[in-house]
Amino acid sequence: MDIKQIEYFVQVANTGSFSRAADLLGMTQPALSRQVRALEVELRETLLLRNGRGVALTEPGRQLLARGREILKLMQEARQELGALRGEPVGQIVIGLPPSLARRITVQLIERFQREMPRAKLAVVEGFSSHIGEWLSAGRVDLGLVYNPEPHPNLEQEPVLEEKLCLVGPPDLVHRAEVSLAEVAGLPLVMPQWGHSFRRLMETQAMLAGLKLHIAWEVSSVPTILDMVRRGHGHAALTGSAVAAGTSPGELTLATIVEPSISSILCMAWSAQRRRDALHLRAAAMLKQLCQAGET
């Protein structure tokens, strides 16, 4: 049994898709499919059921996934321990980023990682903060950035950046530096579904103030929300950095929400059970610097 085949199988099982796994592994989908099929032939078991939505694990597949994760973890720890003897970060780290943040810092992160830690490997996955928290707990992600997390017994969390939420409007809107939450509640809003951190923040503060938000449209993608605001379909409540990542200067108007002001806290998160080696610490420091360098 080839360790690479186990790695390929685990990546497909984790993502639930040959195409997404192939992108993360940097290989073609047919080549990845051949490797996983060869593993199934060797083991004389069907590990994955292919369907129109992706793949599903069979019972043998679930058993191999658990063992495969253990094997890969032991291999990674061995590489990192040997690397520590040489005083250099080695191994692989998987970092989870929210989409709006990923759009702004992923390229810089990859370029700097490659330059400063050439013997280590980096994988970046995108997801909402709630999803990243689940991935950290399950061991699918080693380090993540999450917005406004709740305390979790299995996670360590460190604040990285605080930003005020702003009302985002079309460019022809008369510019004001500040707008009250009561005024915001009277406007048609384009917002993500409830699980998104910005939506939770706004709904919670409105409830405490005895207000009800006018949600005109629910859209999960921040770039799409910004497109809808540009085209006059409503307003949004986002941080300045989220807007800057998806627009050019002057495209949209921002006004800080006050009475009360609403702060969004970006936190670094990792598993409480994880031993923080040189690679983890260096990657965390790099992420923190990139986030704070882009503070607006």
Show which residues join V125 in its hydrophobic cluster (side-chain heavy-atom contacts under 4.5 Å, direct or indirect), or state none.
L24, V94, I132, W135, L136, V141, V146, L155

Under the criterion side chain to side chain contact (heavy atoms under 4.5 Å, CB included), I'd like the reasoning laid out for D142 against W270: C-alpha separation, chi angles, the key distance, then a yes or no.
CA-CA 6 Å; D142 302 302; W270 61 92; over 6 Å; no

Can you tell if the side chain of Q157 reaches within under 4.5 Å of the side chain of M268, non-hydrogen atoms only?
no

With hydrophobic residues grouped by side-chain heavy-atom distances under 4.5 Å, do L165 and I265 end up in a single group?
no

Mind checking the CG-CD spacing from L161 to Q292? Nearest 0.5 Å is all I need.
6.5 Å

By salt bridge (Lys or Arg N to Asp or Glu O under 4.0 Å), K121 pairs with (sequence neighbours left out) none

Any side-chain heavy atom of V160 within less than 4.5 Å of one from C267?
no

What's the spacing between L39 CG and E7 CD if we round to 0.5 Å?
12.5 Å

Atom of P223, atom of R103 and distance for their closest heavy-atom approach
CG-NH1, 3.2 Å

Just jot down the side-chain contact (heavy atoms from CB on, under 4.5 Å) partners of E126, sequence neighbours excluded, or say none.
P99, A102

Does any non-hydrogen side-chain atom of N51 lie less than 4.5 Å from one of V55?
no

Apart from L281 itself, what residues make up its hydrophobic cluster, given side-chain heavy atom links below 4.5 Å?
none

Is there a donor in the side chain of Q289 and an acceptor in the side chain of R112, or the other way round, less than 3.5 Å apart?
yes

Under a plain distance cut-off of 3.5 Å, with no hydrogens placed, do T256 and K164 share a side-chain donor-acceptor pair?
no

If we ignore hydrogens and angles and just use 3.5 Å, is the side chain of Q108 paired with the main-chain N or O of R104 as donor and acceptor?
yes

Would a hydrophobic clustering, with Ile, Leu, Val, Met, Phe, Trp and Tyr connected at side-chain separations under 4.5 Å, put I3 with L43?
yes

Who are the side-chain contact (heavy atoms from CB on, under 4.5 Å) partners of R282, not counting sequence neighbours?
P89, E116, M117

For the pair N154 and S271, evaluate side chain to side chain contact (heavy atoms under 4.5 Å, CB included) and give the outcome as yes or no after the intermediate values.
CA-CA 6 Å; N154 296 329; S271 170; 5.8 Å; no

Output yes when R230 and D227 qualify as a salt bridge under the 4.0 Å nitrogen-oxygen rule, no when they do not.
yes

Calculate, to the nearest 0.5 Å, the distance between atoms CG and CD1 belonging to L279 and I93 respectively.
4.5 Å

Between E218 and R199, does any side-chain N to carboxylate O distance fall below 4.0 Å?
yes

Below 4.5 Å, heavy atoms only, C-beta onward: do V258 and V179 meet side chain to side chain?
no

Just checking, any donor-acceptor pair under 3.5 angstrom between side chains of S263 and E162?
yes

What distance separates S261 OG from E178 CD, expressed to the nearest 0.5 Å?
9.0 Å

Could you check if a side-chain atom of M202 sits within less than 4.5 angstrom of a side-chain atom of L181, using non-hydrogen atoms only?
yes

If two hydrophobic side chains count as joined below 4.5 Å and joins carry through other members, does I110 share a cluster with F113?
yes

Contact check, side chains of L48 and F9, non-hydrogen atoms, under 4.5 Å:
yes

Heavy-atom closest pair, residues L211 and A182
CD1-CA, 3.7 Å

Rounded to the nearest 0.5 Å, what's the gap from CH2 on W217 to OG1 on T224? Could you check?
13.5 Å

Does atom CD of Q114 have more than 12 heavy-atom neighbours, drawn from other residues, nucleotides or ligands, at distances under 6.0 Å?
no

What side-chain donor-acceptor pairs closer than 3.5 Å can you find for residues 57-74, not counting sequence neighbours?
unit_1: T58; atom_1: OG1; unit_2: T46; atom_2: O; d: 2.5
unit_1: T58; atom_1: OG1; unit_2: L47; atom_2: O; d: 3.3
unit_1: T58; atom_1: OG1; unit_2: G61; atom_2: N; d: 3.1
unit_1: E59; atom_1: OE1; unit_2: R62; atom_2: NE; d: 3.2
unit_1: E59; atom_1: OE1; unit_2: R62; atom_2: NH2; d: 3.0
unit_1: R62; atom_1: NH1; unit_2: L57; atom_2: O; d: 3.2
unit_1: R67; atom_1: NH1; unit_2: E70; atom_2: OE1; d: 3.3
unit_1: R69; atom_1: NE; unit_2: N14; atom_2: OD1; d: 3.4
unit_1: R69; atom_1: NH2; unit_2: N14; atom_2: OD1; d: 2.5

For the residue pair A284 and R276, what are the closest heavy atoms and their distance?
CB-NH2, 3.5 Å

State, with a plain yes or no, whether a side-chain heavy atom of F128 is found less than 4.5 Å away from one of P98.
no

Side chain to side chain contact (heavy atoms under 4.5 Å, CB included) for L213 and E203? Distances and angles first, verdict last.
CA-CA 7 Å; L213 300 178; E203 293 276 18; 4.1 Å; yes

Is there a side-chain contact between L187 and L167 in this structure, where contact means two heavy atoms from C-beta onward sitting under 4.5 Å apart?
yes

We want to know whether S17 and S19 form a side-chain donor-acceptor pair, criterion being a heavy-atom distance below 3.5 angstrom.
yes

Residue pair R50, E40: steps toward the salt bridge (Lys or Arg N to Asp or Glu O under 4.0 Å) verdict:
CA-CA 13 Å; R50 286 77 166 169; E40 291 180 313; 3.4 Å; yes

Is there a side chain to side chain contact (heavy atoms under 4.5 Å, CB included) between E183 and S180 once you walk through the steps?
CA-CA 5 Å; E183 292 175 279; S180 71; 3.1 Å; yes

Nearest 0.5 Å please: distance from the CE atom of M27 over to the CD atom of Q11.
11.0 Å

